[in-house]
Amino acid sequence: MTVTDYMSQALDEARAAQARGEVPVGAVLVDGASGEVLARAGNRVEELNDPTAHAEILAIRAAAQARRAPRLTECDLYVTLEPCAMCAQAISLARIRRLHFGAYDVKGGGVEHGARVFTHSTCHHAPEVVGGIMETEAGDLLKAFFAERR
């Protein structure tokens, strides 16, 4: 499978989150060696009444449980929106090898914007970061979601 295939799966998760009334963000966590999808998730903040139930966190939790390991070295995360600072820190703590994300988040991002978690000297692990994967499609999904609510 290709980067685009995995991001398409993350977009499917984002659309499912939107159908549940959640901010449409989706994530897919993949074993980098085998290409096996370890976990898929979409935001569930509203459904679970949990401010930490971001797609990235849910995917990391599920993959760590499946692997029975707190660290996901050699794993790659595909997410439709630049992770916030909380999710970026979780990505670091999980030792994820590579982060691919779709739309940039100028207001709430924690990777290329805002806190820029991976650039701090106190950051335990900085993954390789590739932003802008299917950026237009991911951004359009978010824009449409928020336009409906205004």
K.L.:
Is there a donor-acceptor contact under 3.5 Å from the side chain of R20 to the main chain of N43?
P.N.:
yes
K.L.:
Do Y104 and V111 make a side-chain contact, defined as non-hydrogen atoms from C-beta onward lying under 4.5 Å apart?
P.N.:
no
K.L.:
Just verifying a value: how many Å separate T73 OG1 and I96 CD1, rounded to the nearest 0.5 Å?
P.N.:
10.0 Å
K.L.:
Check the hydrophobic clustering (I, L, V, M, F, W, Y; side-chain heavy atoms under 4.5 Å; chains of links allowed) and say if V3 and L99 are grouped together.
P.N.:
no
K.L.:
Please answer: with hydrophobic residues joined when any side-chain heavy atoms are less than 4.5 Å apart, are L11 and L81 in the same cluster?
P.N.:
no
K.L.:
Calculate, to the nearest 0.5 Å, the distance between atoms CG and CG belonging to L72 and D31 respectively.
P.N.:
9.5 Å
K.L.:
Going from CZ on R40 to CG on L58, what distance comes out if it is rounded to the nearest 0.5 angstrom?
P.N.:
14.0 Å
K.L.:
How close do H54 and C87 get, heavy atom to heavy atom, and via which atoms?
P.N.:
ND1-SG, 3.4 Å
K.L.:
Indicate yes or no: at least one non-hydrogen side-chain atom of E56 is less than 4.5 angstrom from one of M86.
P.N.:
no
K.L.:
List the residues meeting ring-ring contact (aromatic ring centres under 6.0 Å, His included) with Y78, not counting sequence neighbours, and say none if there are none.
P.N.:
Y6, H100
K.L.:
I need the minimum non-hydrogen distance between E47 and E22, along with the two atoms involved.
P.N.:
N-OE2, 2.8 Å
K.L.:
For A39 and A63, which heavy atoms make the closest approach, and how far apart are they?
P.N.:
CB-N, 3.8 Å
K.L.:
Taking all atoms of both residues into account, what is the closest heavy-atom pair of G26 and A14, and its distance?
P.N.:
N-CB, 3.6 Å
K.L.:
Quick check for you: to the nearest 0.5 Å, what is the distance between M7 atom CE and F101 atom CZ?
P.N.:
9.0 Å
K.L.:
R97: what forms a side chain to side chain contact (heavy atoms under 4.5 Å, CB included) with it, not counting sequence neighbours?
P.N.:
E74, D76
K.L.:
Applying a strict under-4.5 Å side-chain criterion to I, L, V, M, F, W and Y, I'd like to know whether V37 and L29 cluster together.
P.N.:
no
K.L.:
Check for me, please, whether V25 and M134 land in the same ILVMFWY cluster - side-chain distances under 4.5 Å, paths through other members count.
P.N.:
no
K.L.:
Which heavy-atom pair separates S92 from C123 by the least distance, and what is that distance?
P.N.:
OG-SG, 3.4 Å
K.L.:
Measure the spacing between CG of L142 and CG of D105 and express it to the nearest 0.5 Å.
P.N.:
8.0 Å
K.L.:
Before giving the answer on side chain to side chain contact (heavy atoms under 4.5 Å, CB included), spell out for V28 and L77 the whole-Å C-alpha distance, their side-chain angles and the decisive distance to 0.1 Å.
P.N.:
CA-CA 6 Å; V28 174; L77 180 64; over 6 Å; no
K.L.:
Classify the side-chain pair D5/S8 by whether it contains a donor and acceptor separated by less than 3.5 Å.
P.N.:
no
K.L.:
To the nearest 0.5 angstrom, please state how far the CD atom of E82 sits from the NE2 atom of H113.
P.N.:
5.5 Å
K.L.:
What is the minimum heavy-atom distance between A138 and A103, and which atoms define it?
P.N.:
CB-N, 3.9 Å
K.L.:
Check whether any side-chain N or O of R95 sits under 3.5 Å from a backbone N or O of L93 as a donor-acceptor pair, and report yes or no.
P.N.:
yes
K.L.:
With a 4.0 Å cut-off, would you call E148 and K143 a salt bridge?
P.N.:
no
K.L.:
Using a cut-off of 6.0 Å, state whether more than 12 heavy atoms not belonging to Q65 lie near its atom CD.
P.N.:
no
K.L.:
Give a yes or no on whether I60 and V117 share a hydrophobic cluster (residues Ile, Leu, Val, Met, Phe, Trp, Tyr; joining criterion: side-chain heavy atoms under 4.5 Å apart).
P.N.:
yes
K.L.:
Going by the salt bridge (Lys or Arg N to Asp or Glu O under 4.0 Å) test, which pairs reach into residues 111-136, not counting sequence neighbours?
P.N.:
R98-E128
